[in-house]
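Reading through the structure tokens given below for one structure.
Naming convention: chains lettered A, B, ... in sequence-line order (proteins, then strands); numbering from 1 in each chain. Owing to the predicted nature of the structure, the values given are computational and were not obtained by experimental measurement.
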Number of protein chains: 2
Amino acid sequence: MDNSISRIQGAITRNSELFEEVSDLFKIFGDSSRLKILCALTQSDMCVSEISEFLSITQSAVSHQLRILKTSNLVKTRRVGKNIIYSLADQHIKTIIDCGMEHVSE
Amino acid sequence: MDNSISRIQGAITRNSELFEEVSDLFKIFGDSSRLKILCALTQSDMCVSEISEFLSITQSAVSHQLRILKTSNLVKTRRVGKNIIYSLADQHIKTIIDCGMEHVSE
DNA sequence: TGAATATATGAACAATTGCTCATATATGGA
DNA sequence: TCCATATATGAGCAATTGTTCATATATTCA
């Protein structure tokens with residue numbers, strides 16, 4: 001077996017947890033509802049009912065997905081009056097989305 | 001409703017198919033087996049049995065995943081002797097993986 | 001405080017997914 | 001041509017996922 005290749009194997013095997021983490025991250029972007037939500041938040045912070053209305057997704061479905069996004073630290077919240085405003089946790093999220101967009105429209 | 005926000009809504013609604021495509025792309029990166037395979041191929045072209053051995057994944061499982069990767073045009077193949085050598089279809093794939101890796105190790 | 005409203009949550013269900021096991025296919029080389 | 005080997009494929013199954021429906025929770029504001 002080629003030496004450099006066996007080094008790769010080692011790297012991948014040893015970092016098995018890293019691959020879980022990264023694939024879990026991609027998994028979150030791998031649902032169109034979540035992707036749309038994230039993309040919407042890329043342009044403007046929004047409350048749950050706004051997101052729901054804009055994307056024509058049930059309020060419940062949006063809430064469920066937002067919980068996943070929040071648990072994964074991709075979005076954060078703040079209260080304004082009666083509403084909970086969701087926003088992206090950081091700008092790198094947009095980078096990831098753009099990265100995928102670019103690949104699709106090659 | 002704010003005008004700029006309604007513009008976003010239009011953009012997302014009209015490009016519903018785009019979001020399906022992009023989320024389908026991320027979905028592929030969203031499985032650790034596939035991610036490992038892609039990552040391995042980032043470093044070196046490999047045949048099926050090599051991938052299988054390196055990642056300690058069944059030959060069958062690898063084959064199944066490779067078919068998905070090939071159908072999605074993420075990998076391409078060439079025959080060398082008895083083996084089918086798999087390689088990345090393009091270098092942008094590495095960019096996407098790196099993008100995810102970076103986010104995880106923030 | 002009480003009603004109205006916004007958001008969250010839980011159970012249930014259908015659909016999808018990734019694996020295994022068995023086996024088919026196809027190619028190279030003797 | 002025939003065998004050995006490499007890869008692909010199909011069925012079946014358990015696990016996971018995303019949605020809906022019903023309802024709980026919580027906060028604002030009159």
Are side-chain N/O atoms of B:Ser63 and B:Gln59 paired as donor and acceptor at under 3.5 Å? yes
Do any N or O atoms from the side chain of A:Ser52 and from the backbone of A:Ile57 form a donor-acceptor pair under 3.5 angstrom? yes
Pair B:Lys70-B:Arg67, side-chain contact (heavy atoms from CB on, under 4.5 Å): steps then yes or no: CA-CA 5 Å; B:Lys70 183 146 192 212; B:Arg67 185 159 52 90; 5.7 Å; no
List the steps, then state whether side-chain contact (heavy atoms from CB on, under 4.5 Å) holds for A:Leu66 with A:Ile84. CA-CA 11 Å; A:Leu66 284 172; A:Ile84 311 272; over 6 Å; no
Note: for A:Gln59 and A:Gly30 on DNA chain D, the residue whose nearest nucleotide lies more 5' is A:Gly30
Holding to side-chain contact (heavy atoms from CB on, under 4.5 Å), I want the full list of residues that pass it with A:Arg78, two or more places apart in sequence or in another chain. A:Asp45, A:Val80, A:Ile85, A:Ser87
Which residues pass the side-chain contact (heavy atoms from CB on, under 4.5 Å) test with B:Asp90, sequence neighbours left out? A:His103, B:His92, B:Ile93
Residues of residues 62-75 of chain A with any non-hydrogen atom less than 4.0 angstrom from an atom of DNA chain C: list those, numerically ordered, please. A:Ser63, A:His64, A:Arg67
Go through the steps for A:Lys94 and A:Asp98 under the test side-chain contact (heavy atoms from CB on, under 4.5 Å), then give the verdict. CA-CA 6 Å; A:Lys94 177 163 164 46; A:Asp98 287 346; 3.3 Å; yes
When we call it a touch if two heavy atoms are under 4.0 Å apart, what does A:Ser60 touch: a base, just sugar-phosphate, or nothing? base
Within residues 76-90 of chain B, residues whose heavy atoms come under 4.0 Å of DNA chain D: B:Lys82, B:Asn83, B:Ile84, B:Tyr86
Heavy atoms of chain A, cut-off under 4.0 Å: which first and last nucleotide of DNA chain C, 5' to 3', fall inside that, if you could look? C:dT5 to C:dG10
Return all side-chain donor-acceptor pairs below 3.5 angstrom for residues 17-26 of chain A, not counting sequence neighbours, or 'none' if the list is empty.
residue	atom	partner	partner atom	Å
A:Glu20	OE2	B:Ser32	OG	3.1
A:Ser23	OG	A:Phe19	O	2.8
A:Ser23	OG	A:Glu20	O	3.1
A:Asp24	OD1	A:Lys27	NZ	3.4

Counting only N and O atoms by type, is there a donor-acceptor contact under 3.5 Å from the side chain of B:Ser44 to the main-chain atoms of B:Ala40? no
Per side-chain contact (heavy atoms from CB on, under 4.5 Å), A:Ile37 is matched among A:Leu74, A:Leu55, A:Asp31 by A:Leu55
